[in-house]
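To start, the structure under review is shown below, and the notes come after it.
Nothing here was measured: the structure is a model prediction, and the numbers come from that model.
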Amino acid sequence: MNYRPVLPDLVRAVPFGQGFIDYPAFFRGLIDGGFDGVATYEMCSPLRGGGSLDNLDRCAAHYLTWMRENLTARSG
């Protein structure tokens, strides 16, 4: 993302799995297609809650929890 900040912010990234992207379907398609690699989460856009280390840690932990709860049983 490359932009010039203008206040107030009109767009903020949300923690993984809380937006409009259907990640369960996305990962199901990867798994069904034979993907057996690593999935990572990059927080490179302005994030809801700000860029504090506490907020970044909270969002990263949420990603790991989401992946465990939603994909561990499916990837079998």
Side-chain angles (χ1 to χ4, degrees):
M1 173 179 276
N2 187 8
Y3 69 98
R4 190 173 102 188
V6 177
L7 296 175
D9 288 328
L10 298 177
V11 176
R12 284 277 176 185
V14 296
F16 189 86
Q18 294 182 12
F20 59 86
I21 298 172
D22 186 354
Y23 282 113
F26 173 76
F27 283 108
R28 193 168 42 254
L30 287 177
I31 293 166
D32 290 349
F35 178 79
D36 188 27
V38 175
T40 61
Y41 173 55
E42 182 176 338
M43 296 171 279
C44 57
S45 297
L47 192 60
R48 185 176 291 166
S52 71
L53 190 54
D54 285 342
N55 191 47
L56 297 175
D57 283 347
R58 190 171 26 261
C59 289
H62 174 77
Y63 169 76
L64 294 173
T65 299
W66 189 96
M67 292 296 277
R68 271 191 301 274
E69 291 175 352
N70 289 277
L71 298 181
T72 304
R74 288 192 182 115
S75 62

Worksheet item: Do Arg48 and Gln18 have side-chain heavy atoms sitting under 4.5 Å apart?
Response: no
Worksheet item: Are Leu64 and Val14 connected in the hydrophobic side-chain network, where two residues link if heavy atoms are under 4.5 Å apart?
Response: no
Could you tell me which residues satisfy side chain to side chain contact (heavy atoms under 4.5 Å, CB included) with [X], sequence neighbours excluded, listed by chain and number?
X	result
Asp22	Pro24, Ala25
Thr40	Val38
Ile21	Tyr23

For the [atom1] atom of [X] and the [atom2] atom of [Y], what is their distance to the nearest 0.5 Å?
X	Y	atom1	atom2	answer
Asp36	Leu30	CG	CG	11.0 Å
Asp57	His62	CG	NE2	14.5 Å
Ile31	Phe26	CD1	CZ	10.5 Å

Fill in: Ring geometry between Trp66 and Phe16 (parallel below 30°, tilted from 30 to 60°, perpendicular above 60°)
perpendicular
Fill in: Closest heavy-atom pair and its distance - Phe27, Ala39
CE2-CB, 3.8 Å
